Student: 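This is the structure, below, for whatever I ask next.
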Amino acid sequence: MQELIKIAFLGVAGVLLAVQFKGQKPEYGIYIGLAIGIVIFGYALRQVQAVTSQFGRIRSYLGDSESYLTILLKVIGITYICEFSSAVCKDAGYQTVAGQIEVLGKLSVMFAGLPILFAVIEQIQNFL
């Protein structure tokens with residue numbers, strides 16, 4: 001919990017610093033925002049690694065269907081990367097690029113989830 005508070009304060013301090021620079025040198029504000037974002041993103045990745053270590057319990061429940069867990073981790077990674085990239089583009093004033101990144105992320109998640117959809121359809125066909 002203490003680390004979360006530190007990261008939150010780091011984010012707020014970084015934004016306040018970026019706002020100070022944004023008036024005179026807008027590019028510095030973007031660079032500061034990007035740097036703070038990367039630091040927080042790195043912290044988030046550490047948290048994801050901690051969560052993935054707990055997936056061992058889930059693997060024991062899944063048995064032979066361990067590929068579903070891989071798909072879940074892939075989808076989580078796609079959403080984090082696309083959300084971060086989109087936010088950086090929005091902050092820089094490129095909403096159109098941010099929107100395209102979001103669309104790409106949604107399509108990538110849909111594509112990554114297709115094996116699960118096919119497995120469900122196969123189960124339904126076997127049931128009938």
Side-chain angles (χ1 to χ4, degrees):
M1 184 66 164
Q2 282 182 327
E3 286 186 31
L4 181 63
I5 293 171
K6 288 177 187 177
I7 294 295
F9 280 128
L10 176 68
V12 171
V15 167
L16 292 174
L17 184 63
V19 167
Q20 291 296 320
F21 280 101
K22 206 167 197 168
Q24 297 169 344
K25 296 252 184 191
E27 63 274 9
Y28 289 167
I30 292 170
Y31 297 148
I32 292 169
L34 181 63
I36 295 297
I38 290 172
V39 169
I40 293 173
F41 188 72
Y43 174 76
L45 287 178
R46 284 195 333 205
Q47 294 299 324
V48 168
Q49 288 174 346
V51 169
T52 56
S53 67
Q54 296 297 318
F55 278 125
R57 292 179 64 192
I58 295 173
R59 283 188 183 139
S60 67
Y61 294 126
L62 290 176
D64 294 336
S65 304
E66 193 172 310
S67 63
Y68 297 137
L69 190 60
T70 304
I71 292 170
L72 175 65
L73 291 175
K74 198 179 291 187
V75 166
I76 290 170
I78 290 168
T79 55
Y80 275 133
I81 291 169
C82 288
E83 182 70 25
F84 178 75
S85 302
S86 174
V88 168
C89 291
K90 284 180 184 176
D91 192 40
Y94 292 96
Q95 282 77 15
T96 305
V97 175
Q100 294 303 313
I101 290 172
E102 290 172 1
V103 169
L104 174 68
K106 291 172 185 175
L107 290 173
S108 298
V109 166
M110 185 178 72
F111 183 72
L114 282 178
I116 295 174
L117 177 63
F118 292 143
V120 168
I121 291 171
E122 184 179 315
Q123 289 294 324
I124 292 171
Q125 286 179 342
N126 290 338
F127 183 71
L128 299 175

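Keep in mind that this is a model prediction, so the values were computed, not measured. Below, each value reflects all heavy atoms present in this structure, side chains not excepted, and no hydrogens, waters or symmetry copies.
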Student: When you measure from the side chain of Ser85 to the backbone N and O of Cys82, does any donor-acceptor pair fall under 3.5 Å?
Tutor: no

Student: With a 6.0 Å cut-off (strictly less than), is the heavy-atom count around OH of Tyr80, excluding the residue itself, greater than 12?
Tutor: no

Student: Considering non-hydrogen atoms only, spot the tightest contact between Ile81 and Phe41 and give its length.
Tutor: CG1-CZ, 4.1 Å

Student: Check whether Ile121 and Phe111 end up in the same hydrophobic cluster, where Ile, Leu, Val, Met, Phe, Trp and Tyr are linked by side-chain heavy atoms less than 4.5 Å apart.
Tutor: yes

Student: I want to check something: taking the side chain as every heavy atom from C-beta on, are Val19 and Leu16 in contact at a cut-off of under 4.5 Å?
Tutor: no

Student: Can you tell me how far apart CG (Leu10) and CD (Glu3) are? Round to the nearest 0.5 Å.
Tutor: 12.5 Å

Student: Return yes when atom CZ of Phe21 has more than 12 non-hydrogen atoms of other residues, nucleotides or ligands closer than 6.0 Å, and no otherwise.
Tutor: no

Student: Specify the closest pair of heavy atoms between Ile71 and Pro115, including all atoms of both residues, with the distance to one decimal.
Tutor: CD1-CB, 3.8 Å

Student: For Gln95 and Lys90, which heavy atoms make the closest approach, and how far apart are they?
Tutor: NE2-O, 3.5 Å

Student: Which atom pair, heavy atoms only, marks the closest approach of Ile101 to Ser86?
Tutor: CG2-N, 4.1 Å

Student: Would a hydrophobic clustering, with Ile, Leu, Val, Met, Phe, Trp and Tyr connected at side-chain separations under 4.5 Å, put Ile7 with Leu34?
Tutor: no

Student: Report yes or no: do Ile30 and Ile40 belong to one cluster of Ile/Leu/Val/Met/Phe/Trp/Tyr joined by side chain heavy-atom distances under 4.5 Å?
Tutor: no

Student: Minimum heavy-atom separation for Gly11 and Ile36, please, with both atom names.
Tutor: CA-CG2, 4.0 Å

Student: Could you state whether Leu69 and Ile76 fall into the same hydrophobic cluster, counting links through intermediate Ile, Leu, Val, Met, Phe, Trp or Tyr residues with side-chain heavy atoms under 4.5 angstrom apart?
Tutor: yes

Student: Measuring from Gln100:CD to Leu104:CG, what's the distance to the nearest 0.5 Å?
Tutor: 9.0 Å

Student: Side-chain heavy atoms nearer than 4.5 Å, only ILVMFWY residues, links allowed to pass through others: does that put Val88 and Ile38 together?
Tutor: yes

Student: More than 12 heavy atoms of other residues, nucleotides or ligands under 6.0 Å from CD of Glu27: is that the case?
Tutor: yes

Student: Do Asn126 and Glu122 have side chains that approach each other closer than 4.5 Å (heavy atoms only, starting at C-beta)?
Tutor: yes

